[in-house]
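Please read the structure below before turning to the comments.
Both ligands and their constituent atoms are indexed starting at 1 by order of listing. Values in this document were obtained by computation on a predicted structure and should not be read as measured data.
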Amino acid sequence: MGYMLNEEQQSIVQMAHDFCEKEIKPYAADWDREGNFPLETVKKAMEIGYHCLEIPEEYGGSGIDYVTVAAVMEEFAKYDLGFATTLMGTTLSLKPVLMHGTPEQKKMYADVIVGGGLGAFALTEADAGSDAGATRTTAVKDGDDYVINGTKCFITNSTYADIFVVFASTDREKGVKGISAFIVERNREGFSVDKHEDKMGLRSSDTASLVFENVRVPADHLLGKEGEGFKYAMQTLDLARPFVGASAVGVAQRAVDEAGAYALQRKCFGKPIAKLQAIAFKLADMEIGTETARQMIIHTLQLAEAHQPYSREAAIAKCYAGDVAFKNAGEAVQILGGYGYSREYPVEKLLRDSKILQIYEGTNEVQRVVISGQVLNRYK
Ligand code: COS
């Protein structure tokens with residue numbers, strides 16, 4: 001493993017590994033086939049606190065450092081990217097609260113999550129995906145409340161989340177500078193969950209639409225300041241992308257593991273196919289990509305922990321790791337050949353799952369927009 005972890009950090013990752021071996025490995029293929037959200041297993045993971053590793057101890061969380069959290073997410077994703085996504089969906093929603101919430105808001109949100117609840121980050125809309133600033137959901141001040149109206153789509157954990165961070169426009173004329181962020185509890189009147197997505201991969205995770213029909217939240221549910229929501233969303237995504245990258249490394253590593261083990265036992269032309277340079281070099285390239293992505297993620301998270309700028313690095317890490325995961329999964333299918341294409345073997349699932357890594361948390365095209373923007377800024 002390419003992490004430099006101390007004994008305590010290693011034991012946290014080992015515990016996650018043991019959990020995955022026992023609770024995920026035997027069932028992941030069934031969850032995938034049936035498109036089932038594994039609620040009971042998610043609850044077991046939440047009892048241990050895998051959905052809120054980053055919550056500081058003062059708010060009842062484990063306060064674990066970012067690099068260890070990444071190593072844990074890599075482990076979960078190795079076994080099932082959908083399961084890792086469920087856990088990351090909650091931490092994604094927590095991040096803007098921990099960054100910009102008042103102590104009361106942090107406590108309120110953390111109480112729900114540490115108490116065993118899931119969270120969800122509601123930014124995307126039908127016409128506001130990559131163009132997140134085109135948000136149409138509105139929040140209108142009415143006395144001591146805000147009234148929220150609109151629909152969000154492709155939201156992870158929608159059906160099961162107890163609490164949401166919702167981005168809505170408080171001033172449509174101001175565009176991205178009119179977007180604000182709100183904490184919304186599930187039991188608010190006028191809130192409902194709509195269309196459930198039937199996805200090609202990531203089938204154990206829950207993705208659905210959210211509908212807000214005159215949903216009232218008290219004014220103290222506004223995060224930070226009115227009009228700052230877009231920046232908060234961007235800062236949240238900056239910090240979330242390395243963890244998505246870590247989960248991509250998990251998928252990429254699993255592809256190496258599956259293909260490597262198969263190449264040693266599968267014989268062709270009188271010898272294991274691992275002895276054929278065409279296969280051995282594929283494995284080498286898969287390993288190069290996986291380890292390079294892992295080191296990029298570690299570096300990005302070390303910058304974040306040190307409060308250094310890391311927006312460019314986060315975009316590079318997410319983009320590169322997502323591309324490597326998809327490429328490695330494809331190569332693993334190729335190495336396993338006909339067996340790789342069969343649902344009897346786990347690599348076709350890796351290929352279907354890994355595609356999302358180039359799409360969610362900002363498409364890899366959006367990452368390239370962020371990266372090229374920073375490159376060009378240097379020469380202005
Ligand atoms: N951190 C802090 N502020 C940021 C920021 C960041 N990473 N990125 C942008 N901003 C600020 C800008 O500085 C600008 O504010 P000022 O005018 O005060 O400087 C404001 O936000 C608008 O920035 P910009 O003009 O770059 O916004 P665009 O509308 O052009 O959008 C992209 C930029 C495409 C990068 C953005 O919409 C994006 O990331 N989209 C993808 C969204 C996404 O990842 N969705 C995934 C679903 S959520 S899981």
Side-chain angles (χ1 to χ4, degrees), residues 73 81-82 84-96 99-100 118-137 150-158 161 164-169 171-172 174-181 197 199 202 205-210 223-245 247-248 300 303-304 307-319 321-322 355-377 380:
M73 283 311 132
L81 182 63
T85 299
T86 300
L87 302 176
M88 289 189 299
T90 294
T91 47
L92 174 65
S93 78
L94 251 172
K95 285 179 172 65
M99 281 180 195
H100 299 289
L118 284 176
F121 181 83
L123 174 67
T124 302
E125 298 182 7
D127 293 319
S130 289
D131 186 6
T135 297
R136 285 186 181 195
T137 297
T151 304
K152 298 285 176 181
C153 66
F154 300 130
I155 307 302
T156 298
N157 290 345
S158 286
F164 301 81
V165 169
V166 178
F167 294 85
S169 178
D171 189 341
R172 290 286 296 274
K174 288 191 179 157
V176 296
K177 294 204 183 328
I179 295 174
S180 306
E197 301 296 338
K199 309 186 293 291
L202 212 70
S205 83
D206 173 63
T207 316
S209 300
L210 305 177
L223 266 183
K225 293 190 190 135
E226 260 193 33
E228 295 281 304
F230 185 79
K231 272 192 197 169
Y232 302 164
M234 293 300 113
Q235 289 165 347
T236 300
L237 290 168
D238 280 348
L239 188 51
R241 284 170 183 159
F243 295 103
V244 169
S247 70
T300 306
L303 288 175
H307 304 290
Q308 299 288 318
Y310 62 93
S311 185
R312 178 186 72 114
E313 287 77 3
I316 294 174
K318 189 269 173 186
C319 183
K355 185 61 204 169
I356 195 63
L357 294 160
Q358 296 177 314
I359 299 172
Y360 71 3
E361 219 100 327
T363 61
N364 279 4
E365 288 75 13
V366 159
Q367 309 311 321
R368 289 179 169 93
V369 168
V370 172
I371 298 160
S372 61
Q374 296 225 6
V375 170
L376 295 171
N377 270 343
K380 273 186 183 163

### Query
Around Tyr360, counting heavy atoms of other residues, nucleotides and ligands shown, do more than 12 lie under 6.0 Å from its OH?
yes
### Query
Considering only the protein, which heavy-atom contact is closest to atom 43 (C) of ligand 1, and what is its distance?
Leu237 CD1, 3.6 Å
### Task
Give the residue, atom name and distance (to 0.1 Å) of the protein heavy atom nearest atom 35 (C) of ligand 1.
Val370 CG2, 3.9 Å
Which of the atoms in ligand 1, numbered in the order shown and given with their element, are less than 4.0 Å from a heavy-atom of [X]?
X	value
Gly362	43 (C), 44 (O), 45 (N), 46 (C)
Lys231	3 (N), 11 (C), 15 (O), 18 (O)
Ser311	7 (N)
Lys177	15 (O), 16 (P), 17 (O), 18 (O)
Asp238	1 (N), 6 (C), 7 (N)

### Query
Nearest to atom 5 (C) of ligand 1 by heavy atom, Met234, Gln235, Gln374, Glu125: which?
Met234
### Query
With respect to atom 42 (C) of ligand 1, which of Pro309, Gly129, Gly175 exhibits the smallest heavy-atom separation?
Gly129
Heavy-atom protein contact below 4.0 Å for [atom]:
atom	value
atom 49 (S) of ligand 1	yes
atom 21 (O) of ligand 1	yes
atom 26 (O) of ligand 1	no
atom 18 (O) of ligand 1	yes

Is a side-chain donor or acceptor of [X] paired with a backbone partner of [Y] at a separation under 3.5 angstrom?
X	Y	result
Gln367	Gly362	yes
Lys199	Leu202	yes
Lys318	Glu313	no
Arg241	Glu361	yes
Asn157	Gly89	no
Asp206	Thr156	no
Ser169	Asp171	yes
Thr90	Gly119	yes

### Query
Does ligand 1 have a heavy atom under 4.0 Å from the side chain of Lys152, from its backbone, from both, or from neither?
neither
### ligand 1-proximal atoms of Ser130, by part, heavy-atom distance under 4.0 Å
backbone
So for [X], does at least one of its heavy atoms come nearer than 4.0 angstrom to any atom of ligand 1?
X	value
Phe230	yes
Arg241	yes
Thr124	yes

#### Entry: N-O pairing of Arg136 and Glu125 below 4.0 Å
no
### ligand 1 N/O within reach of Asp131 N/O, cut-off under 3.5 Å
no
### Message
Quick check: do Leu223 and Val165 have side-chain heavy atoms less than 4.5 Å from each other?
### Response
yes
### Query
Hey, do the aromatic rings of Phe121 and Phe164 have their centres closer than 6.0 Å?
no
